[in-house]
Amino acid sequence: MTSKRKRGEEGMGEGEIVWQTPANAPQRCDYIFHNGRRHVRPYYFEFIAHVKNRWAGKSIVDLFTEEFKGRPYEYYIDAVKCGRIQVDGEMVPTSYIVKTSQKISHFLHRHEPPVMALEVKILKEEADVLTVYKPASVPVHPCGQYRKNTVVGILQAEHGLAPLFPIHRLDRLVSGLLIIARNASKADLFRQQIESGLVKKQYIARVVGVFPEEEQVVDVHINYNAREGRSTTEDTMAKGKAAQTKFTCIGSDGVHSIVLCEPVTGRTHQIRVHLQYTGYPIANDALYLTKVASGRSVEKTTADRAAAISACSTAHDIEEDCVSARKENSSEDFSIDPMCTNCPNLAPKGYDGEEEGLWLHCVRYSGPGWIYECPYPEWASLK
């Protein structure tokens, strides 16, 4: 499926707009590097959804206003009138009542959130396996507002690698080893080994305080609240899911400790919430820092931001190669869309560009007959 021009846009003077779909591969020129951040040049994109049963019977404008609250009512009125919202490929009036299973297209000027301008470094490239050093802040694959600013998207744009099948999760703010299969059959083999408990995972974390010398085993259920985006430990086995993590202290400077983390299970935010449970949360983890711990970690929590950026030896080279303009909100970098609720800003609303990576890093995965490893990050040094 290729890019296409959309009908409609009466009176908008946009007859030459090219609309992208998920089939359009990211390109190297899609990225803008500015102030240590990798931005995506805003682009026109067709979002597609099919009418759910609970949506049926609503007007097209009410549907978008109630279900997609990121834009005002007036925007949806205008979008329907000019054809930026269509049903089954056709323009409809604002009073149109949707029916179950109908295809709804929303044509948007898409702004992706920025990520840290660190290289997605290829560690090992084999016939059917690729391992990379995933930078913190970069999602693994397209999700939510991220499509091109992902590990999969960047590898496709900068190295022409596709298709790619990540075989395990790494949260967006976590860095380190990411194993990617080059074909579906290899991905299935890895997943079978993981589900059978044959794969051992190791992470390191920088935590608050002096972690105990003896191994700590946390065997506490975890309950993830998707609405709040965080997990909690549960005192009763009746709630949440079983979770176990082993922790071993590698070293300490009296303020922070580097801890080896070995999750036996794979729950959402498992290492982070289990470290919080022990009383030694990750030192820059704002989501799970306790009130007691936060006072002990303020001094060094953000001190390594510059070091984390400098850890990527080619980040400056990438920026040097970028021929786009340098001003954050300059229309010289991209075309301003008259209907876009994010223009003239480069980043979407709600992103201040100050996000940092979490001090949690995947260092090793091993399974039957194979081992993959990743170098330690700069913050793992306590000197």
Side-chain angles (χ1 to χ4, degrees), residues 36 115-124 131-138 140 151 168-179 200-216 218 245-263 266 269-289 293-294 296-316 355-366 371-383:
V115 298
M116 295 171 69
L118 301 176
E119 178 191 17
V120 179
K121 183 178 181 180
I122 295 176
L123 300 173
K124 184 177 290 188
T131 63
V132 302
Y133 188 137
K134 173 195 165 316
S137 82
V138 183
V140 171
V151 172
H168 63 99
R169 297 195 312 264
L170 277 184
D171 286 347
R172 187 175 62 81
L173 295 180
V174 177
S175 61
L177 176 68
L178 179 65
I179 304 172
K200 184 176 181 179
K201 301 163 281 186
Q202 293 183 329
Y203 295 71
I204 57 168
R206 183 166 177 159
V207 306
V208 172
V210 179
F211 200 85
E213 292 185 2
E214 64 275 11
E215 180 184 75
Q216 304 290 305
V218 178
T245 314
K246 300 177 182 179
F247 298 109
T248 306
C249 184
I250 296 175
S252 176
D253 64 358
V255 177
H256 291 158
S257 299
I258 302 300
V259 177
L260 177 67
C261 314
E262 299 176 280
H269 295 184
Q270 176 175 318
I271 294 174
R272 299 166 68 180
V273 73
H274 272 179
L275 281 170
Q276 180 196 48
Y277 180 84
T278 67
Y280 301 91
I282 295 173
N284 71 341
D285 190 352
L287 192 61
Y288 292 103
L289 273 172
S294 62
R296 290 184 282 158
S297 63
V298 169
E299 181 180 354
K300 293 191 178 182
T301 293
T302 59
D304 286 48
R305 182 181 178 209
I309 293 178
S310 65
C312 172
S313 62
T314 60
H316 177 70
E355 185 176 64
E356 299 179 21
L358 195 65
W359 286 346
L360 178 62
H361 182 86
C362 181
V363 294
R364 193 173 192 265
Y365 261 62
S366 59
I371 297 173
Y372 294 111
E373 296 179 315
C374 183
Y376 279 25
E378 289 288 325
W379 53 256
S381 173
L382 292 172
K383 296 179 181 179

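Remember, predicted model here, so these are calculated numbers, not experimental data.
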Heavy-atom pair of closest approach, residues Lys134 and Leu178: CB-CB, 4.3 Å
Side-chain donor or acceptor of Thr131 paired with backbone N/O of Lys124 under 3.5 Å: yes
Donor-acceptor contact below 3.5 Å, side chain Ser257 vs main chain Val259: no
Check: Ile179 main-chain N/O paired with His168 side-chain donor or acceptor under 3.5 Å: yes
Side chain to side chain contact (heavy atoms under 4.5 Å, CB included) evaluation trace for Ile282 with Arg272: CA-CA 7 Å; Ile282 295 173; Arg272 299 166 68 180; 3.9 Å; yes
Sidechain-backbone polar pair: Ser137 side chain, Met116 backbone, donor-acceptor under 3.5 Å: yes
Straight-line distance of Ile271 CD1 to Lys246 NZ, nearest 0.5 Å: 13.5 Å
Donor-acceptor contact present, side-chain Thr278 to main-chain Leu275, <3.5 Å: yes
Thr248 side, atom OG1; Phe211 side, atom CZ - distance, nearest 0.5 Å: 8.0 Å
Spatial distance of atom OG (Ser175) from atom OH (Tyr376) [nearest 0.5 Å]: 12.0 Å
Taking every non-hydrogen atom, the tightest pair across Ser252 and Gly254: OG-N, 3.1 Å
Check: Ile122 and Val132 side chains under 4.5 Å, non-hydrogen atoms: yes
Point-to-point distance, once rounded to the nearest 0.5 Å, from SG of Cys374 to CD of Gln202: 12.5 Å
Stepwise side chain to side chain contact (heavy atoms under 4.5 Å, CB included) check, Val363 with Glu373: CA-CA 6 Å; Val363 294; Glu373 296 179 315; over 6 Å; no
Smallest separation among heavy atoms of Ala205 and Trp379, with atom names: C-CZ3, 4.0 Å
pair Pro375-Leu123: side-chain heavy atoms closer than 4.5 Å: yes
Heavy-atom pair with the smallest gap, counting every atom of Asn284 and Gly357: ND2-O, 2.9 Å
Closest non-hydrogen atom pair, Val140 against Leu170: CG2-O, 3.6 Å
Asp253 side-chain N/O to Val255 backbone N/O, donor-acceptor pair under 3.5 Å: yes
Pairwise side-chain contact, His256 with Trp359, heavy-atom cut-off 4.5 Å (strictly under): yes
CD1 on Ile250 to CZ on Arg206, rounded to 0.5 Å: 12.5 Å
Residues in side chain to side chain donor-acceptor pair (under 3.5 Å) contact with Glu215, at least two apart in sequence or another chain: none
Minimum side-chain heavy-atom gap Ile371-Arg364 below 4.5 Å: yes
Interatomic spacing from CD in Gln270 to OH in Tyr277 - rounded to 0.5 Å: 13.5 Å
Set of residues satisfying ring-ring contact (aromatic ring centres under 6.0 Å, His included) with respect to His361, sequence neighbours excluded: Tyr133
Donor-acceptor under 3.5 Å (Lys121 side chain, Pro135 main chain): no
Taking every non-hydrogen atom, the tightest pair across Val218 and Phe247: CG2-CE1, 3.7 Å
Derivation and outcome, side chain to side chain contact (heavy atoms under 4.5 Å, CB included), residues Asp171 and Leu358: CA-CA 10 Å; Asp171 286 347; Leu358 195 65; over 6 Å; no
Side chain to side chain contact (heavy atoms under 4.5 Å, CB included) assessment of Glu214 paired with Gln216: CA-CA 6 Å; Glu214 64 275 11; Gln216 304 290 305; 3.4 Å; yes
